[in-house]
Amino acid sequence: MANFSTIGILGGMGPEATNRLCSLITANTPATNDQDHIPVISYNNSRIPDRVSGLRGDGESPLPEMIRTAQVLEQAGADILLLPCNLAHAYLEDLRRAVQIPILDMIEETVKFIVANYPHCLRVGLLASTPTIEFGIYEKAFRRDRQASLLVPPPDVQEAKVMRAIYGSDGIKSGHKAAPLRLLSEAAQFLTDQGAEIIIAGCTEVSLVLNPQNSPFVVIDPLEVIARVAVELAMRNETASSRQKALTSNQG
């Protein structure tokens with residue numbers, strides 16, 4: 001039986017994206033039987049307040065409930081934590097200080113993936129929630145890279161197509177797929193017309209709908225990227241070994 005680190009998923013942001021991340025971990029694990037798979041603990045906590053209103057200051061902060069969820073996962077035996085929400089990475093450093101296990105950075109890993117696999121790409125389009133853009137979640141990571149420039153939709157396209165696709169009455173959060181795919185495809189085409197060579201599905205709801213199989217665009221899915229990184233790390237079992245050493249040291 002394989003001895004892997006246990007992956008914890010701090011979920012509920014949103015619930016469908018959380019479940020998809022679990023599926024991607026399974027799909028990216030080289031296994032021939034049940035025992036070859038990586039242990040995963042998923043806490044699909046729908047009680048976490050909305051990140052958008054929380055960051056804008058007109059709603060309850062999600063951080064306390066996110067910290068509680070992370071600590072529950074740590075106590076349950078997780079060795080690595082993942083956040084299946086791009087915007088939630090605005091709270092990443094606060095979360096890291098609240099637990100003793102590593103939390104992987106999906107934003108940083110996505111940018112590293114693009115740099116490694118598309119080294120000649122000069123313009124990257126971003127389809128994400130407005131706060132993800134406003135708070136520079138991806139812009140900061142690309143600025144450190146200094147290779148590609150980041151293109152985002154203008155405010156009218158952002159609101160009428162991207163935000164409507166995610167949060168509208170016929171949007172992804174409400175369980176719809178067909179209308180959001182049309183809206184996001186139009187937004188992606190706009191960015192492509194502006195010179196974008198790659199489109200980042202920078203909201204996990206976006207990646208539930210828009211992908212390379214149903215569009216002509218080169219779509220990068222951060223959930224897919226972080227699933228692969230987490231599988232590789234878990235299979236090396238380094239975090240579990242480090243965690244066990246720390247527990248032994250504390251007990252001594």
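Note that these values count all heavy atoms, side chains included, but never hydrogens, waters or copies made by symmetry. Model, not experiment: these values are computed from the prediction.
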Report summary line: Closest non-hydrogen contact found for V229 with L104 is CG1-CD1, 4.1 Å

Report task. Side-chain contact test, heavy atoms from C-beta onward, threshold under 4.5 Å: evaluate it for Y138 versus V124 and give yes or no. Result -> no

Query - Worked check of side chain to side chain contact (heavy atoms under 4.5 Å, CB included) between Y118 and V218 - result: CA-CA 11 Å; Y118 301 91; V218 178; 3.6 Å; yes

Query - Any pair counted as side-chain hydrogen bond (donor to acceptor under 3.5 Å, both in side chains), so long as it reaches residues 194-206, sequence neighbours left out - result: K173-E205

Query raised in the report: Do you know the tightest heavy-atom contact between S5 and I38?
Result: O-CG2, 3.4 Å

**Report entry** Stepwise salt bridge (Lys or Arg N to Asp or Glu O under 4.0 Å) test for K112 and E108
**Finding:** CA-CA 6 Å; K112 284 165 60 177; E108 193 67 40; over 6 Å; no

Query raised in the report: Heavy atoms, side chains only, cut-off 4.5 Å: are P84 and L223 in contact?
Result: yes

Report task. Check whether any side-chain heavy atom of L63 sits under 4.5 Å from a side-chain heavy atom of L95, and report yes or no. Result -> yes

Requested in this report: State the OG-CD distance between S149 and E139, to the nearest 0.5 angstrom.
Outcome: 11.0 Å

Requested in this report: Might you point out which heavy atoms bring P153 and L127 nearest each other, and give the distance in Å?
Outcome: CG-CD2, 4.1 Å

Report summary line: So CG of L87 and CD1 of I133: to nearest 0.5 Å the spacing works out to 11.0 Å

Query - Minimum-distance pair of heavy atoms, taken over all atoms of A98 and I67 - result: CB-CG2, 3.7 Å

**Report entry** Trace of the side chain to side chain contact (heavy atoms under 4.5 Å, CB included) decision for C22 with I9
**Finding:** CA-CA 8 Å; C22 288; I9 301 178; 3.5 Å; yes

Query raised in the report: Looking at CG of D79 and CG of N237, how far apart are the two atoms once the value is rounded to the nearest 0.5 Å?
Result: 7.5 Å

Query raised in the report: Do you know the tightest heavy-atom contact between A227 and L21?
Result: CB-CD1, 3.9 Å

Query raised in the report: Got a donor-acceptor contact below 3.5 angstrom from the H89 side chain to the M106 backbone?
Result: yes

Query raised in the report: Can you find a heavy atom in the side chain of T29 that is under 4.5 Å from one in the side chain of D36?
Result: no

Query raised in the report: Is V157 close to E186 at the side-chain level, that is, under 4.5 Å between some pair of heavy atoms?
Result: no

**Report entry** Expected output: side-chain E74 to main-chain Q100 donor-acceptor under 3.5 Å
**Finding:** yes

Query - side-chain hydrogen bond (donor to acceptor under 3.5 Å, both in side chains): pairs with one or both residues in residues 174-183, sequence neighbours excluded - result: E16-K177

Requested in this report: First locate atom CG of N44, then atom CG of N19, and finally report the distance between them rounded to the nearest 0.5 Å.
Outcome: 5.0 Å

Query raised in the report: Heavy atoms, side chains only, cut-off 4.5 Å: are L83 and I226 in contact?
Result: no

Report summary line: Taking every heavy atom of I172 against every heavy atom of P180, the minimum-distance pair comes out as CG1-CB, 3.5 Å

Query raised in the report: Are any of the side-chain heavy atoms of I103 and L10 separated by less than 4.5 Å?
Result: no

Query raised in the report: To the nearest 0.5 Å, what is the distance between CD1 (I200) and CZ (F142)?
Result: 4.0 Å

Query raised in the report: Donor-acceptor pair, N214 side chain versus V209 backbone, under 3.5 Å?
Result: yes

Query raised in the report: Same hydrophobic cluster for V225 and V115, using side-chain heavy-atom links shorter than 4.5 Å among ILVMFWY?
Result: yes

Requested in this report: Treat each ILVMFWY residue as a node, draw an edge where side-chain heavy atoms are under 4.5 Å apart, and state whether L151 and L183 are in one component.
Outcome: no

Query raised in the report: Can you tell if the side chain of P131 reaches within under 4.5 Å of the side chain of R51, non-hydrogen atoms only?
Result: no

Query raised in the report: With respect to I48, which candidate in P62, C85, P64 satisfies the side-chain contact (heavy atoms from CB on, under 4.5 Å) definition?
Result: P62

Query raised in the report: Going through the distances and angles, do M66 and M13 end up as a side chain to side chain contact (heavy atoms under 4.5 Å, CB included)?
Result: CA-CA 10 Å; M66 289 170 68; M13 308 178 291; 4.2 Å; yes

Query raised in the report: Got a second to check how far S61's OG is from Y91's OH, nearest 0.5 Å?
Result: 4.5 Å

Query - side chain to side chain contact (heavy atoms under 4.5 Å, CB included) evaluation trace for C203 with T132 - result: CA-CA 8 Å; C203 173; T132 298; 6.0 Å; no

Query raised in the report: For residues 220-233, which residue pairs qualify under side-chain hydrogen bond (donor to acceptor under 3.5 Å, both in side chains), counting only residues two or more places apart or in two chains?
Result: R20-D221, N28-E224, N28-R228, S207-D221, E224-R228, E232-R236

Query raised in the report: Under 3.5 Å, is there a donor-acceptor pair between the side chain of Q158 and the main chain of A128?
Result: yes

Query raised in the report: Is the closest side-chain donor-acceptor distance between N45 and T69 under 3.5 Å?
Result: yes

